[in-house]
Amino acid sequence: MVLSRNEIRSRAIAFSRDWSSAKSESADRQTFWNEFFEVFGRKRRQVASFEEPVKKLSGDWGFIDLFWPGTLLVEHKSAGQDLSKAHAQGMAYIRGLIDSGRENEVPRYLIVSDFARIALHDLEPEQDPDLPLLKRLPPSIEFTLADFPKVIHAFGFIAGYRTYRVKEEDPANIEATELLAKLHDVLEDGGYPKADIDRFLVRILFCLFAEDTDIFPPDAFQGFLKNHTTEDGANLGPELERLFSVLDTPEDKRQKNLPEDLADLPYVNGRLFHEHLAFADFNSDMRNQLLICTAFKWSRISPAIFGSLFQGIMEKRERRQIGAHYTSERDILKVIRSLFLDDLQAEFEKIHKSKAHGREARLEEFQKKLASLRLLDPACGCGNFLILAYRELRDLEIKVLMELHPGGQQVMTLEDVNRLSKVDVDQLYGIEILDWPSRIAEVAVWLMDHLMNQKLSTAFGQLYQRFPLLKSATIVTSNAIPLDWKTILPPTDNVLILGNPPFVGKHLMNADQAADMELVCGNVEGGGVLDYVTAWYFKAAEYIRGTKIRCAFVSTNSITQGEQAGPLWNFLFQRYGLKIHFGHRTFSWISEARGKAHVHVVIIGFGLFDWPDKRLYDYAVDSDHPLISNVVNISPYLVQGPDLALLSRSTPISDVPECQYGNKPTDGGHLIIEEEDRKEFLAKNPEARKYIRPLLCAEEYLHGIPRWCLWLVNAAPQDIRNSPGIKQRVEAVRDFRLASKKEPTRRKAAESTLFAEIRQPTKEFIVIPQHTGETRLYIPFGYFSPRYILHNSCTALPNATPYHFGVLSSVMHMAWMKQVCGRLESRYRYSNSLVYNNYPWPEEATDTQKVKVEQCAQAVLDARQPFLDAGQTLADLYDPLTMPGVLLKAHQALDRAVDRCYRKEVFENDRQRVEFLFALYQKLTAPLVAAMAPKRTRRSKA
């Protein structure tokens, strides 16, 4: 079983602590590496051997300290020795493997160490696969043993995770975006109409791109500006108008007296230059900014620049309302690779390595497969997903053609090249609600097609162009939700659906978007909590009925957690039989424009049929190096689990105390007293002392920050009137509530001495902070007396026994919470109705087992108390990198005790725990579901 990241981190902390002590000076290397492998749940002897013999270049035999064929080679030196020498020796052994015919055993990773330091070298090629192995410059990390827990992601391959590097974004894309943004600002400051400015800039962008990619003669646009316009920019507007007119006119219909440099420009059909725009009045500064743009090498940019351009001129509020988040190439490729590209690449590599008869026919069939694909982005924006997908398909086709015709053999004419290239832009389909992004998408597709034609020309030594344009992508300007997608592209098995539908939360939708949601999910129970992005899931599921179509959408991570998961996924599972094929767990979505849109997202691939190779991509440890794991089934929470999502419940499914929310002030802060203000307030209002109570807020509780409140329940009216400080604050609460737009809040102005919602426990209770950091191994629960006023950032569990505290504080409950809770950004959000009320408590725990849990729970409280008395905070104690060993061991003992309450067999990891808990949940809720099911009535016979 593959260990969870938190379990690996916990083991790494213990390993680092143990081996950083004097133990490392006396122990042998084999013990060190045996325990190193155990950190990742791997038995070293099952995969790797010590002292592996290999024949070196000199003819002598050497012995590799630790060798895992095809995966890892380790060279270990004594403490303090030069690791560079160990690295050189390791590379010499790799040379020996190659020279002795053992190339298939060459490892991807090389580790060198001297106990105190470890260096990991990744030998996998990143950009130039043709470079000889020994000449590659591999990425490396070197760290001290104390820092080992911080870099465990790099060793995921030992645990069984696959890794791949996310392609870094070319800085040229950002630079180009800024250049165009500045040009936009100059035009806007000059008074150019906002209605036309985006259209005008796209034309300029096309010209900039065209002169650097051989659509125009080299530097034709720059030369036009310098030779046809004056330095003061006075005639730049009319000259650009003339240029646009020439580009929109076929060569045989142009005036015969055109200047030669204009006459040489190609006809650009597709109506890019056809529409009349407002006349642009330029000055010298505007002309200079345009000339600065021509100095940039535009052939370096990716097509994502078009989306960045559009986003760069949108107001932030408008972008949020539309849901536009234009995206970097590296993130788009995550979708494309997972949905189809990795599988196509693997299929091509298999054919490429094959030497069997019929290889040529298989390559030709593979090319036909590429040309048969149809890609639909039903929220295409400026077309970035379609453009990059098209680029990757053309790249793969060129590889196929180079295999069929090595060195360009048998391809002697332009007609041959035309005949051989089958992948074309008419395979692309998009739906976009706004008109001009649709136009940008069309232009971007043309330009990408031109770039790929250039690449094909280089490969075969023949100039290959598709200007004027004979085929085009189908980009429809329409609202995708009421539109029948089948009218755009009939659903067949060769269709792929991809994109990032609008990110608009349920509280931010406008009237039209709310109407869209009612149209597609009005009959979904609990559908009122769903974000706008979910509409595309319902539409896609309906569109792909009866087909083998695969889909992949980028979505806000809210649809895989909290209250949205149940209504969305249970409906999709039950109505359509939907299966999740892959999932990228939460990561930060990167936009390529200034004022980047920040949002935490997931990528979900799905279809209405099962898929054998289900994959999860995890970014929890390292956002640049996701770890890939293969799983049997993917649950809506993007972990291995059943096709089941939890619904909110008002009461627990087990026989345990009910959890209750804290007290909600809704007071504008006037009933709350900060620690730094308390002394001054009491000095002026000593009579208020009996009404000041400690306030338990989540953040302050975790970080040990005192906070106070005025608790005026049953306060004598004369005490309030006679205390100026209390009276002033109560009046401020009244005014705050009266100014609210919400009627319930205004009604509460009549009770301005009290918190708006009071749910204060009357007995000792367990406090549960509603939000906690995602890196913590455990939620720091605590006991408090009713004297402490519970804020609504926390929840309380009154009447709880030490047994309840123990189970809630265990890794078993943490594993459950992490999978089903909502999140605030990436932090966990504990919910009574989802997490606690749905949690399946042990059914058959004996009294002896419960007593053991209670003893271990008390040991946890005892272990942390001395640190709290010394001024440490719960946030300090529960930081996984600084958690005291005595506290960690106490929790681990508690974990074992709670695990045994569920079953005798040991749980090897969190995944097993979650799988067991979901099975138990289904068992416990089955009678409830049966009781709620409508009973059939028997028809009476006529």
Trainee: Please name the pair of heavy atoms, one in Val423 and one in Arg394, separated by the smallest distance, quoted to 0.1 Å.
Mentor: O-CD, 3.6 Å

Trainee: Could you tell me the separation between the CD1 atom of Ile628 and the CG atom of Asp618, rounded to the nearest 0.5 Å?
Mentor: 11.0 Å

Trainee: When Phe348 is tested against each of Leu370, Asp343, Leu396 for side-chain contact (heavy atoms from CB on, under 4.5 Å), which residue passes?
Mentor: Leu396

Trainee: In Å, rounded to the nearest 0.5 Å, how long is the span from CG of Leu496 to CG of Leu339?
Mentor: 5.0 Å

Trainee: Do Ser421 and Ile398 come close enough that some side-chain heavy atom pair is under 4.5 Å?
Mentor: no

Trainee: Side chains of Tyr429 and Asp377: donor-acceptor distance under 3.5 Å anywhere?
Mentor: no

Trainee: If you measure from CG on Leu388 to CD1 on Ile332, what distance do you get to the nearest 0.5 Å?
Mentor: 5.0 Å

Trainee: Do Thr556 and His600 have side-chain N/O donor and acceptor atoms under 3.5 Å apart?
Mentor: no

Trainee: Is it true that Phe157 and Phe40 have ring centroids separated by less than 6.0 Å?
Mentor: no

Trainee: Evaluate Ile603 against Tyr617 for side chain to side chain contact (heavy atoms under 4.5 Å, CB included), listing each step before the verdict.
Mentor: CA-CA 9 Å; Ile603 301 172; Tyr617 300 75; over 6 Å; no

Trainee: So do the side chains of Phe582 and Arg550 get within less than 4.5 Å of each other, counting heavy atoms only?
Mentor: yes

Trainee: Under 3.5 Å, is there a donor-acceptor pair linking the side chains of Arg374 and Thr492?
Mentor: no

Trainee: Should Asp484 and Tyr543 count as side-chain neighbours, where that means a heavy-atom distance under 4.5 Å?
Mentor: no

Trainee: Would Lys548 and Asn494 count as a side chain to side chain donor-acceptor pair (under 3.5 Å) here? Give the steps.
Mentor: CA-CA 8 Å; Lys548 298 291 185 180; Asn494 61 335; over 6 Å; no

Trainee: Does Trp536 use its side chain to pair, donor to acceptor, with the backbone of Phe553 at less than 3.5 Å?
Mentor: no

Trainee: Determine yes or no for a side-chain-to-main-chain donor-acceptor pair under 3.5 angstrom, with Gln367 supplying the side chain and Val400 the backbone.
Mentor: no

Trainee: Look only at the side chain of His584 and the backbone of Val554, and say whether a donor-acceptor pair between them is shorter than 3.5 Å.
Mentor: no

Trainee: Any donor-acceptor pair under 3.5 Å linking the side chain of Asn453 with the backbone of Asp449?
Mentor: yes

Trainee: Should the pair Asp395-Lys455 be classified as a salt bridge under the 4.0 Å nitrogen-to-oxygen rule?
Mentor: yes

Trainee: How far apart are the closest heavy atoms of Pro502 and Val533, and which atoms are they?
Mentor: O-CB, 3.5 Å

Trainee: Got a salt bridge between Arg362 and Glu403, using NZ or NE/NH1/NH2 to carboxylate O under 4.0 Å?
Mentor: no

Trainee: Keeping the roles fixed (side chain from Arg42, backbone from Ile158), state whether a donor-acceptor pair exists under 3.5 Å.
Mentor: yes

Trainee: In Å and rounded to the nearest 0.5 Å, what is the CG to CD1 distance from Leu376 to Ile431?
Mentor: 5.5 Å

Trainee: Given side chain to side chain contact (heavy atoms under 4.5 Å, CB included), test Leu363 with Arg359 step by step and report yes or no.
Mentor: CA-CA 6 Å; Leu363 284 168; Arg359 178 173 174 274; 4.1 Å; yes

Trainee: Taking side chain as C-beta onward, heavy atoms only, is Ser472 less than 4.5 Å from Asp426?
Mentor: no

Trainee: Where is the tightest heavy-atom contact between Gln427 and Leu373, given as atom of each residue plus distance?
Mentor: NE2-O, 2.9 Å

Trainee: How many angstroms lie between atom CD1 of Ile475 and atom CD1 of Ile440, to the nearest 0.5 angstrom?
Mentor: 12.0 Å

Trainee: Could you walk me through whether Tyr637 and Arg585 pass side chain to side chain contact (heavy atoms under 4.5 Å, CB included), step by step?
Mentor: CA-CA 9 Å; Tyr637 304 100; Arg585 290 166 58 81; over 6 Å; no

Trainee: Would you say the ring centers of Phe538 and Phe571 fall short of 6.0 Å from each other?
Mentor: yes

Trainee: Does Trp569 use its side chain to pair, donor to acceptor, with the backbone of Ile559 at less than 3.5 Å?
Mentor: yes

Trainee: Is there side-chain contact between Glu360 and Glu364, with at least one heavy-atom pair below 4.5 Å?
Mentor: yes

Trainee: Evaluate Phe366 against Leu344 for side chain to side chain contact (heavy atoms under 4.5 Å, CB included), listing each step before the verdict.
Mentor: CA-CA 9 Å; Phe366 181 72; Leu344 289 176; 4.0 Å; yes

Trainee: Within the structure provided, determine whether Val602 and Tyr619 are in side-chain contact (heavy-atom separation under 4.5 Å).
Mentor: no

Trainee: Counting only N and O atoms by type, is there a donor-acceptor contact under 3.5 Å from the side chain of Glu432 to the main-chain atoms of Gly381?
Mentor: yes

Trainee: So, the side chain of Asn633 versus the backbone of Gly641: is there a donor-acceptor pair under 3.5 Å, distance only?
Mentor: yes

Trainee: Shortest non-hydrogen contact from Ala444 to Ile387?
Mentor: CB-CD1, 3.0 Å

Trainee: With the threshold set at 4.0 Å, does a side-chain nitrogen-carboxylate oxygen contact exist between Glu347 and Lys350?
Mentor: no

Trainee: Are any of the side-chain heavy atoms of Leu72 and Arg108 separated by less than 4.5 Å?
Mentor: no

Trainee: A side-chain contact here means heavy atoms from C-beta on lying under 4.5 Å apart; do Tyr576 and Ile544 qualify?
Mentor: no

Trainee: For residues Leu627 and Gly156, report the shortest heavy-atom separation together with the two atoms involved.
Mentor: CD2-CA, 4.2 Å

Trainee: If the threshold is 4.0 Å, N to carboxylate O, is there a salt bridge linking Lys422 and Asp424?
Mentor: no

Trainee: With distance as the sole test, does Thr487 use its side chain to make a donor-acceptor pair with the main-chain N or O of Leu483 at under 3.5 Å?
Mentor: no

Trainee: Output, in order, the C-alpha distance, side-chain angles, deciding distance and verdict of salt bridge (charged side-chain N to carboxylate O under 4.0 Å, His left out) for Lys368 and Glu397.
Mentor: CA-CA 9 Å; Lys368 291 180 181 177; Glu397 184 192 39; over 6 Å; no

Trainee: Does Trp485 use its side chain to pair, donor to acceptor, with the backbone of Lys539 at less than 3.5 Å?
Mentor: no

Trainee: Calculate, to the nearest 0.5 Å, the distance between atoms CG and CG belonging to Asn557 and Leu638 respectively.
Mentor: 9.5 Å

Trainee: Please give me the minimum heavy-atom distance between Pro107 and Leu97, naming the atom from each residue.
Mentor: CD-CD1, 4.2 Å

